[in-house]
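Quick note on labels: first sequence line is chain A, next is B, and so on, each numbered from 1. Just so you know, these numbers use all the heavy atoms, side chains as well, and skip hydrogens, waters and symmetry mates.
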Number of protein chains: 2
Amino acid sequence: MVAPPPITNTIRRLRFDHGEMTQQQLADRIGVTRQTVAAIEQNKYSPSLEAAFRIAEVFGVEIGQVFQWTKSGS
Amino acid sequence: MVAPPPITNTIRRLRFDHGEMTQQQLADRIGVTRQTVAAIEQNKYSPSLEAAFRIAEVFGVEIGQVFQWTKSGS
DNA sequence: TTGCAATGTTAAAAATCTTTGACTTTACGT
DNA sequence: ACGTAAAGTCAAAGATTTTTAACATTGCAA
């Protein structure tokens, strides 16, 4: 599949709302690479559930406040 | 898959709390196969973020009420 | 202007998730 | 006992996510 995921996110805003955290710093805290954070921010693909949990934890919010799923189709 | 994921879930309970929904019925509603639901229920692996969103929607709860992430050692 | 940190981007390989198909087991009703 | 639905399990193939490594672009400060 080459279609972008129907899931958007507010990671970029959350990073800057939290001390202008860089992609690298976020990547280090959630245990993925800088490129992975960049790709997720740009909705190239949506992360694993575990990565999503870690990101939400870093920012102290619920997963739903980081990722927005637009129930398309159906 | 080499190690079980540090994410557990309450799908089995939720299915039975919602009219004894079968794995097949849940699978149909979230767009995956029966084997995938079975594997997730048994924590063989954790699902994609999109699958997690769909499951939570079926049961009308937040992702955090379906999946529990135990922030273990990292 | 030059240098540097942050970010954007790509390709290939690795890891993980999902499907398909088949077979087994369990539980329940007749 | 038999038939059936639901669930457990497995292997191989397919799809998606992540890593690794490299190079390009942007913005800002000295």
Side-chain angles (χ1 to χ4, degrees), chain A residues 1-59 63-64 66-74, chain B residues 1-59 63-64 66-74:
Chain A
M1 275 313 216
V2 194
I7 294 180
T8 58
N9 69 82
T10 52
I11 296 177
R12 199 171 322 210
R13 180 196 313 275
L14 287 164
R15 279 199 297 115
F16 284 94
D17 285 352
H18 287 253
E20 311 229 336
M21 182 184 299
T22 66
Q23 291 181 338
Q24 182 68 70
Q25 290 171 331
L26 176 57
D28 289 345
R29 293 190 59 181
I30 68 178
V32 301
T33 64
R34 170 182 81 74
Q35 288 90 330
T36 295
V37 168
I40 293 170
E41 276 195 5
Q42 298 167 75
N43 293 313
K44 295 281 185 59
Y45 47 75
S46 48
S48 67
L49 182 57
E50 183 170 347
F53 263 116
R54 298 188 123 111
I55 293 170
E57 191 213 20
V58 165
F59 295 125
I63 283 185
V66 182
F67 299 95
Q68 293 77 44
W69 174 57
T70 59
K71 148 194 192 184
S72 67
S74 91
Chain B
M1 186 235 309
V2 182
I7 293 180
T8 57
N9 69 83
T10 53
I11 296 177
R12 199 171 322 211
R13 180 195 311 274
L14 287 164
R15 278 198 299 114
F16 285 95
D17 285 352
H18 286 252
E20 312 228 334
M21 183 184 297
T22 67
Q23 290 181 337
Q24 182 68 71
Q25 290 170 331
L26 176 58
D28 289 345
R29 292 189 59 180
I30 68 178
V32 300
T33 63
R34 172 182 79 76
Q35 289 90 331
T36 295
V37 168
I40 294 170
E41 276 195 1
Q42 297 166 78
N43 293 313
K44 295 278 186 60
Y45 48 75
S46 49
S48 66
L49 181 57
E50 183 171 347
F53 264 115
R54 298 189 121 109
I55 292 169
E57 191 212 20
V58 164
F59 296 124
I63 283 186
V66 181
F67 299 95
Q68 294 77 44
W69 174 57
T70 60
K71 113 194 208 198
S72 65
S74 67

Mind calculating the distance between [atom1] ([X]) and [atom2] ([N]) to the nearest angstrom?
X	N	atom1	atom2	value
Ile40(B)	dG8(D)	CD1	P	13 Å
Phe67(A)	dT17(D)	CZ	P	12 Å
Ile7(A)	dT17(D)	CD1	C1'	13 Å
Gln42(A)	dT17(D)	CD	P	15 Å
Lys44(A)	dA11(C)	NZ	P	11 Å
Arg54(B)	dT18(C)	CZ	P	12 Å

*With the side chain counted from C-beta on, respond yes when Thr36(B) and Tyr45(B) share a heavy-atom pair under 4.5 Å apart, and no when they do not.*
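Yes, at least one pair of side-chain atoms sits under 4.5 Å.
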
_Measuring only between side-chain heavy atoms, which start at C-beta, is Ile63(B) closer than 4.5 Å to Trp69(B)?_
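Of all side-chain heavy-atom pairs linking Trp69(B) with Ile63(B), none is under 4.5 Å.
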
*Mind grabbing the angle between the end helix axes of the helix from dT1(C)-dA30(D) to dT30(C)-dA1(D)? Five pairs an end, 10° rounding.*
40°

*asked:* Run Ile11(B) and Phe67(B) through side chain to side chain contact (heavy atoms under 4.5 Å, CB included) and show every step you take.
replied: CA-CA 8 Å; Ile11(B) 296 177; Phe67(B) 299 95; 4.2 Å; yes

_Thr10(A) and Gln68(A): CA distance, side-chain angles, deciding distance, side chain to side chain contact (heavy atoms under 4.5 Å, CB included) verdict_ = CA-CA 8 Å; Thr10(A) 52; Gln68(A) 293 77 44; 3.8 Å; yes

*asked:* Test of understanding: with side chain to side chain contact (heavy atoms under 4.5 Å, CB included), list the residues that count as partners of Gln35(B), not counting sequence neighbours.
replied: Thr33(B)

*Of all heavy-atom pairs between Ala27(B) and Arg34(B), which one has the smallest distance, and what is that distance?*
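The answer is CB-N, 3.7 Å.
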
*How close do Asn9(B) and Asn43(B) get, heavy atom to heavy atom, and via which atoms?*
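Heavy atoms only, the tightest pair is ND2-OD1, 3.2 Å.
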
*What do the steps show when you test Val37(A) against Ile30(A) for side chain to side chain contact (heavy atoms under 4.5 Å, CB included), and what is the final call?*
CA-CA 9 Å; Val37(A) 168; Ile30(A) 68 178; 4.2 Å; yes

*In residues 9-18 of chain A, which residues come under 4.0 Å of DNA chain D by heavy atom?*
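Heavy-atom contacts with DNA chain D come from no residue of residues 9-18 of chain A; none.
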
*asked:* Near DNA chain D, counting only heavy atoms under 4.0 Å, which residues of residues 20-29 of chain B show up?
replied: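 Nucleic-acid contacts, sorted: Thr22(B), Gln23(B).
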
*Between Val58(B) and His18(B), is a side chain to side chain contact (heavy atoms under 4.5 Å, CB included) present by the stated rule, with each step listed?*
CA-CA 9 Å; Val58(B) 164; His18(B) 286 252; over 6 Å; no

*Sequence-aligned protein contact record of nucleotides 19-25 of chain C, with B where the base is within under 4.0 Å of a protein heavy atom and S where only the sugar-phosphate is*: BBBB---

*Only counting residues at least two apart or in another chain, list the ones meeting salt bridge (Lys or Arg N to Asp or Glu O under 4.0 Å) with Glu41(A).*
Arg12(A), Arg15(A)

*asked:* Looking at dT17(D), I'd like to know if its phosphate oxygens (OP1 or OP2) sit under 4.0 Å from a side-chain N or O belonging to Ser46(A).
replied: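 It does, given that an N or O in the side chain of Ser46(A) lies less than 4.0 Å from OP1 or OP2 of dT17(D).
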
